[in-house]
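We name chains A, B, ... by the order of the sequence lines, and we start the count at 1 in each one.
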Amino acid sequence: MFNRALFCGILPGTGNMADTHNKTTERSPGETIAPRLRFAPSPTGHLHVGGARTALYNWLYARGRGGSFVLRIEDTDLARSTDESIRQIISSLVWLGLDWDEGPGVGGDHGPYRQTERMHIYEETVKALLASGKAYRCYCSPDELEHEREKARAAGQPLVYGGRCRALSPEEEQSLQTEGRDAVIRLRTPDTGSTIVPDLIKGDVEFENVNIGDFIIVRSSGVPTYNFAVAVDDASMGITHVIRGDDHLPNTPRQLMLFEAMGKKPPAYGHLSLILGPDRTPLSKRHGASSIEEFISRGYVREALCNYLALMGWSLDGETTFFSMDEMVEKFSLERVGSTAAAFDNDKLLWMNGHYIREMEENELAKRIELFLQDTELAALHGHAGTPTISALVPLVQEKMKTLADFVDYTDFFFLPLVFEEKALVKLEKDEKAAAVLAAAQNVIESVEPYDAETLDAALRAAAERMEIKLGKFLQPIRIAVSGKTITPGMFETLAMLGREISAARLDAAIKLLSPS
RNA sequence: GCCCCCAUCGUCUAGUGGCCUAGGACACCGCCCUUUCAAGGCGGCGGCGGGGAUUCGAAUUCCCCUGGGGGCACCA
């Protein structure tokens, strides 16, 4: 596990690194403790691929080492957080198969798991920090702060708080208060030296303390800021490993300072490089699907998404491509996580999705399709009024499908009125032999006995041979006539599934369509 | 402006000083198979950002540059 020595002496001379009071992190020499990981999304939108990958890595690490996976909702941004987001994030996590041991819906010993419900814990910590002088009230207005930043920018200085309110006398505080000024609470941080973040993925990263400054831990509204809430929660929840996005790396020294001030041992950190769009610019809406919900609605399966996401930054050996969830759990390690930002490649995901669909048990695939079609108009049509069921159709299209949505494109003509695709119609009309082929096919279909794929196969092949037309060319007009498309499942299976009556009727309609009248 | 991270085929990556004339996968291009489309098989195209330094030897170590990304909020 992680090296305790790494965490000592981060802020020389600013107090002891006291042991945490949490039982789960106490251990005797040589004994390893069960890791506690967490995923802590802020509910300000959907779960995106980046967040999903972060959640996955935390989950894999916890599951692979007999640890716990905690879900915590970071909703201290009151203006942007919504319950709807929480609902969506949770449903995406459930869909991905990333279950949590503690958190919303399941409870746990370290709750509550929503930061807005943990205010009393933050208040208590602030009180202690204030009492010990490790934190202080600051009365500077946002305007004053902004001017300060502008000046610093002009002077080429780091944009940090100058410390005006750092050493206010009780009288000065009193007078600022009577002036009606609001106060925020800042952490007193070292002016000199540096803070080293021992990162499991990037190695030691050093930050000069002068570039950090006394940062705000409690807003004038009394709501704690992100950095503060995170540190308090990670400490009180006994989190041992924090795996999160690269964007948090500059926050980490601040959180380390907070742990120091609280006298708690910080977790080990691992920062993942961000996922970029296909053009290597930051992933955004204009890149198409980026939320898990979108991938679900486009017919992706969880196995493919998890597998693909796992490989966005992690590899076992550079050769192995497919991993079941169990294999990922078994093989995943932070040592094998790379530090280069990965660009999202839709083609590869699509290919992988097709792979998992092909590998799936027919019954399972049928279930997935059913679920996917839920609440669509098509759902009601399957298996009714003589139309084939999803399970009956699966064997015909499984090999071709790349997404669950493809099922619809390949099979809708089985239960919807025939509609010709423009391209197909043109092709049919341009084929001089189409009329003759259709007539021959009509003959076969009406007479063949029994009416099944195998018999149709033999009979149609024979007909093609008689007419001296290559099978592929012979079948194409028939394909278009019965499906309206140029691409369908195997022709014999399709005709069999469609039934003699409908096949004959559609052939008939096509023949009439072609005959000059 | 200041701070930090990153840098191997178009993309995801393997590679931790000689096993590298740099390996695999997606995509792309051929060919094969074939009932259309897929799938599958075989083959091909294609890369260590640039410059120094260390070394007998560098994709691998160090420095500089360049490029990309992140952060510097009473956002998370």
Side-chain angles (χ1 to χ4, degrees), chain A residues 40-44 74-77 79-81 138 140-142 145-146 149 152-160 182-186 197 199 201-202 205-208 210-213 215-221 223-227 229-230 245-253 271 273-274 276 278 280-282 308 311-322 338-352 354-355 358 397-402 406 410 427 457 460-461 464 470-476 478-480 483 485-492 494:
Chain A
S42 59
T44 55
E74 310 213 321
D75 57 349
T76 54
D77 182 350
R80 294 199 301 148
S81 296
C138 165
C140 298
S141 72
L145 262 20
E146 186 49 41
R149 274 194 290 269
R153 198 189 304 269
Q157 297 295 313
L159 278 44
V160 298
D182 289 331
V184 299
I185 297 170
R186 290 182 184 272
V197 176
D199 192 280
I201 295 166
K202 314 239 187 218
V205 183
E206 185 171 3
F207 294 88
E208 298 289 333
V210 278
N211 291 319
I212 294 174
F215 57 94
I216 295 171
I217 57 175
V218 180
R219 301 170 169 94
S220 54
S221 64
V223 179
T225 57
Y226 163 78
N227 278 122
V230 166
D246 218 352
D247 48 337
H248 290 289
L249 189 49
N251 282 323
T252 312
H271 292 276
S273 289
L274 267 23
L276 306 174
R280 299 205 68 90
T281 63
Y308 180 73
L311 258 18
M312 292 244 87
W314 171 79
S315 74
L316 179 65
D317 51 17
E319 308 275 307
T320 318
T321 305
F322 299 113
S339 47
T340 46
F344 199 87
D345 182 2
N346 270 302
D347 286 334
K348 191 159 183 174
L349 205 216
L350 188 62
W351 162 78
M352 191 166 268
H355 167 85
R358 285 191 297 280
V397 296
Q398 178 165 18
E399 221 180 46
K400 301 178 190 304
M401 290 171 59
K402 286 205 166 96
D406 287 343
Y410 286 131
K427 225 176 149 182
D457 185 329
L460 289 169
R461 271 179 206 277
K470 279 181 70 179
L471 188 63
K473 183 139 176 61
F474 179 81
L475 256 18
Q476 200 57 3
I478 304 173
R479 186 187 312 281
I480 294 169
S483 71
K485 299 168 191 275
T486 55
I487 301 169
T488 71
M491 210 57 257
F492 311 126
T494 297

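- Across the P atoms, C5(B) and C62(B) are found 13 Å apart, a figure rounded to whole Å.
- For U36(B), there is no paired nucleotide, since no Watson-Crick or G-U wobble pair has both relevant distances below 3.5 Å.
- In terms of position on RNA chain B, the residue among Arg461(A) and Pro41(A) whose nearest nucleotide sits closer to the 5' end is Arg461(A).
- Of the two residues near RNA chain B, Leu316(A) and Ser42(A), the one whose nearest nucleotide lies more 5' is Leu316(A).
- Remark: A7(B) base-pairs with U66(B). Criterion, Watson-Crick or G-U wobble with two distances under 3.5 Å.
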**OP:** Determine, stepwise, if the pair Thr321(A) / His355(A) fulfils side-chain hydrogen bond (donor to acceptor under 3.5 Å, both in side chains).
**Re:** CA-CA 11 Å; Thr321(A) 305; His355(A) 167 85; over 6 Å; no
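- Ser220(A) places no side-chain N or O within 3.5 Å of a backbone atom of Asp182(A) that could act as its donor or acceptor partner.
- The side-chain hydrogen bond (donor to acceptor under 3.5 Å, both in side chains) analysis of residues 338-349 of chain A, with sequence neighbours excluded, yields no pairs.
- For Lys427(A), the side-chain contact (heavy atoms from CB on, under 4.5 Å) partners are Gln476(A), Ile480(A), Thr486(A), not counting sequence neighbours.
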Got a list of protein N/O to nucleotides 36-41 of chain B N/O distances below 3.5 Å?
from   : atom 1 : to        : atom 2 : distance (Å)
U36(B) : O4'    : Gln476(A) : OE1    : 3.4
U36(B) : O2'    : Thr486(A) : O      : 3.0
U36(B) : N1     : Arg479(A) : NH2    : 3.4
U36(B) : O2     : Arg479(A) : NH1    : 3.4
U36(B) : O2     : Thr486(A) : O      : 3.2
U36(B) : O2     : Thr488(A) : N      : 3.0
U36(B) : N3     : Arg479(A) : NH1    : 3.3
U36(B) : N3     : Thr488(A) : O      : 2.8
U36(B) : O4     : Lys400(A) : NZ     : 3.2
C37(B) : O2     : Lys400(A) : NZ     : 2.8
C37(B) : N3     : Lys400(A) : NZ     : 2.4
A38(B) : O3'    : Lys402(A) : NZ     : 3.4
A38(B) : O2'    : Lys400(A) : O      : 3.3
A38(B) : N1     : Glu399(A) : OE1    : 3.1

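- Across all strands shown, C72(B) forms a Watson-Crick or G-U wobble pair, both distances under 3.5 Å, with G1(B).
- When the C1' atom is compared between C32(B) and A7(B), the two are found 40 Å apart, to the nearest whole Å.
- Between the side chain of Ser483(A) and the backbone N or O of Lys485(A) there is at least one donor-acceptor pair closer than 3.5 Å.
- Partners of Asp457(A) by salt bridge (Lys or Arg N to Asp or Glu O under 4.0 Å), not counting sequence neighbours, listed by chain and number: Arg461(A).
- In terms of modelled atom types and a separation under 3.5 Å, the side chain of Arg280(A) and the main chain of Ala341(A) share a donor-acceptor contact.
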Original post:
With the sugar-phosphate defined as primed atoms, P, OP1 and OP2, and the base as all remaining atoms, what B/S/- string results for nucleotides 4-13 of chain B, 5' to 3', for protein heavy atoms under 4.0 Å?
Top reply: SSSS---BBS
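- Distance noted for atom C1' between C72(B) and G44(B): 50 Å (whole Å).
- Comparing the C1' positions of U8(B) and A25(B) gives a spacing of 15 Å, expressed to the nearest Å.
- G46(B) and G24(B) are spaced 14 Å apart, taking the C1' atom of each and rounding to whole Å.
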**OP:** Evaluate the salt bridge (charged side-chain N to carboxylate O under 4.0 Å, His left out) criterion for residues Arg80(A) and Asp75(A): first the C-alpha distance (whole Å), next the side-chain angles of each, then the deciding distance (0.1 Å), finally the verdict.
**Re:** CA-CA 8 Å; Arg80(A) 294 199 301 148; Asp75(A) 57 349; over 6 Å; no
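- Note: CD (Glu146(A)) to P (C74(B)) measures 9 Å, nearest angstrom.
- Contact between the side-chain N/O atoms of Thr225(A) and the OP1/OP2 oxygens of A76(B) is not found at any separation under 4.0 Å.
- With a 3.5 Å ceiling on both atom-pair distances, the Watson-Crick or G-U wobble partner of G43(B) is C29(B).
- When heavy atoms are screened at a 4.0 angstrom cut-off, Leu274(A) is found touching the sugar-phosphate backbone but no base atom.
- Between the side chain of Thr252(A) and the backbone N or O of His248(A) there is at least one donor-acceptor pair closer than 3.5 Å.
- Residue contacts for Thr76(A): at a heavy-atom cut-off of 4.0 Å it reaches the sugar-phosphate backbone alone, with no base atom in range.
- Smallest separation of non-hydrogen atoms from Ile216(A) and Thr225(A): O-OG1, 2.9 Å.
- OP1 or OP2 of A73(B) sits under 4.0 Å from a side-chain N or O of Arg149(A).
- Separation of the C1' atoms belonging to G57(B) and A14(B) is 22 Å when rounded to the nearest angstrom.
- Residue Asn251(A) places a side-chain atom within donor-acceptor reach of the base of A76(B), judged by atom type and a 3.5 Å distance cut-off alone.
- Side-chain atoms of Thr320(A) never come within 3.5 Å of backbone atoms of Leu316(A) as a donor-acceptor pair (strictly under, hydrogens ignored).
- When the C1' atom of C3(B) is taken as reference, atom NE2 of His248(A) falls 18 Å away, rounded to whole Å.
- Rounded to the nearest Å, the gap between the C1' atom of U21(B) and that of A38(B) is 37 Å.
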Subject >> Sugar-phosphate or base contact per nucleotide [nucleotides 28-33 of chain B; S, B, -; heavy atom under 4.0 Å] >> reply: ------
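- Across the strands present, U61(B) finds its partner in A53(B); the criterion is a Watson-Crick or G-U wobble pair with both atom distances under 3.5 angstrom.
- Across all strands shown, Cys140(A) has heavy atoms under 4.0 Å from base atoms, whether or not it also approaches the sugar-phosphate.
- Smallest separation of non-hydrogen atoms from Phe474(A) and Leu460(A): CE2-O, 3.7 Å.
- Aromatic ring centres of Trp314(A) and Tyr308(A) lie farther apart than the 6.0 Å criterion allows.
- Distance noted for atom C1' between U11(B) and C45(B): 15 Å (whole Å).
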